[in-house]
Amino acid sequence: MRYDRIDARILEIVQKNNRLTSEVLGEMAGLSATACQRRLKRLRSEGIIEADVSIVSPKAVGRPIQMLVLVTLERERSDIIDRFKKAIKSSAEVVNGFYVTGDADFVLYVTANSMEDYEQFTRLFFYANPDIKGFKTMVIVDRVKAGFAIPIEAPSED
């Protein structure tokens with residue numbers, strides 16, 4: 001997947017605000033609206049832009065309890081890892097899931113309506129799963145920063 005300096009500029013802009021019109025985005029990137037639309041379409045089709053999303057406040061939609069959960073599997077076998085990845089993807093409570101190195105095998109970002117709901121979730125998602133050796137929950141006190149923007153480096157021109 002390759003991108004040029006103009007693509008890098010477009011990526012910087014849409015990570016901050018993906019609701020800009022093609023005209024405004026093109027003006028900011030130094031392109032016509034049509035050229036900007038073409039580039040966005042290519043960036044999406046090549047998987048450089050994975051999704052266009054809105055960041056929703058968990059508290060505003062009745063899910064004020066947020067946790068980071070460190071999960072350790074019983075064994076690190078590919079079938080067990082694949083099963084757990086599938087469970088993560090199918091769970092609405094798990095907002096983000098990461099397969100990691102270190103003390104835990106996975107780190108999950110989970111939301112809940114209440115601690116009682118989270119306890120029920122743990123019973124179904126963790127305790128009922130024989131592939132899980134253990135998990136540690138860290139309750140989030142304050143979400144200091146939320147986003148998906150990553151630094152974009154413009155490629156050097158050869």
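Every value quoted in this text rests on a predicted model; they were computed, and no experiment measured them.
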Between [X] and [Y], is there a shared hydrophobic cluster once you connect ILVMFWY residues whose side-chain heavy atoms come closer than 4.5 Å?
X: I140; Y: L108; result: no
X: F126; Y: L70; result: no
X: I150; Y: I48; result: yes
X: V24; Y: L11; result: yes
X: I132; Y: L124; result: no

>> Run the side-chain contact (heavy atoms from CB on, under 4.5 Å) test on R83 and D131 for me, step by step, so that the C-alpha distance in whole Å, both residues' side-chain angles and the decisive distance to 0.1 Å come before the verdict.
In response: CA-CA 9 Å; R83 264 198 312 271; D131 294 331; 2.9 Å; yes
Output yes when a side-chain donor or acceptor of [X] lies under 3.5 Å from a complementary backbone atom of [Y], and no otherwise.
X: E76; Y: I81; value: no
X: D142; Y: V144; value: no
X: D105; Y: L73; value: yes
X: D7; Y: D4; value: yes
X: S90; Y: K86; value: yes

Least distance between heavy atoms, [X] atom then [Y] atom:
X: T111; Y: R63; result: O-NH2, 2.5 Å
X: G26; Y: C36; result: N-SG, 3.8 Å
X: P58; Y: R143; result: CD-NH1, 3.4 Å
X: A112; Y: M67; result: CB-CE, 4.3 Å
X: M28; Y: L20; result: SD-CD1, 3.8 Å
X: A8; Y: A154; result: CB-CA, 3.8 Å

Quick one: [atom1] on [X] to [atom2] on [Y], what's the gap to the nearest 0.5 Å?
X: M115; Y: Q120; atom1: CE; atom2: CD; value: 13.0 Å
X: R42; Y: I49; atom1: CZ; atom2: CD1; value: 9.5 Å
X: N129; Y: E74; atom1: CG; atom2: CD; value: 10.0 Å
X: I65; Y: K59; atom1: CD1; atom2: NZ; value: 9.0 Å
X: F121; Y: N113; atom1: CZ; atom2: CG; value: 12.5 Å
X: R38; Y: S22; atom1: CZ; atom2: OG; value: 11.5 Å

>> Working note: T122 + V69, criterion side-chain contact (heavy atoms from CB on, under 4.5 Å); need CA distance, chi angles, decisive distance, verdict.
In response: CA-CA 10 Å; T122 63; V69 185; over 6 Å; no
>> Run V94 and F106 through side-chain contact (heavy atoms from CB on, under 4.5 Å) and show every step you take.
In response: CA-CA 12 Å; V94 179; F106 287 86; over 6 Å; no
> In this structure, are over 12 heavy atoms from other groups packed under 6.0 Å from D103 atom CG?
Replying inline: no
>> Counting only heavy atoms from other residues, nucleotides and ligands, does the tally under 6.0 Å from CD of E46 exceed 12?
In response: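 More than 12 within 6.0 Å, yes.
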>> I'd like to know whether I10 forms a side-chain contact (heavy atoms from CB on, under 4.5 Å) with Y3, so could you lay out the CA-CA distance, the side-chain angles of the two residues, the decisive distance to 0.1 Å, and finally the verdict.
In response: CA-CA 10 Å; I10 291 170; Y3 64 93; over 6 Å; no
>> The test is ring-ring contact (aromatic ring centres under 6.0 Å, His included); show your working for F84 and F125 and say whether it passes.
In response: CA-CA 10 Å; F84 193 63; F125 195 80; 5.7 Å; yes
> Any salt bridge between D52 and R44, counting N to O under 4.0 Å?
Replying inline: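 A salt bridge links D52 with R44.
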> Could you walk me through whether K16 and E12 pass the salt bridge (Lys or Arg N to Asp or Glu O under 4.0 Å) check?
Replying inline: CA-CA 7 Å; K16 293 178 185 143; E12 285 177 350; 5.6 Å; no
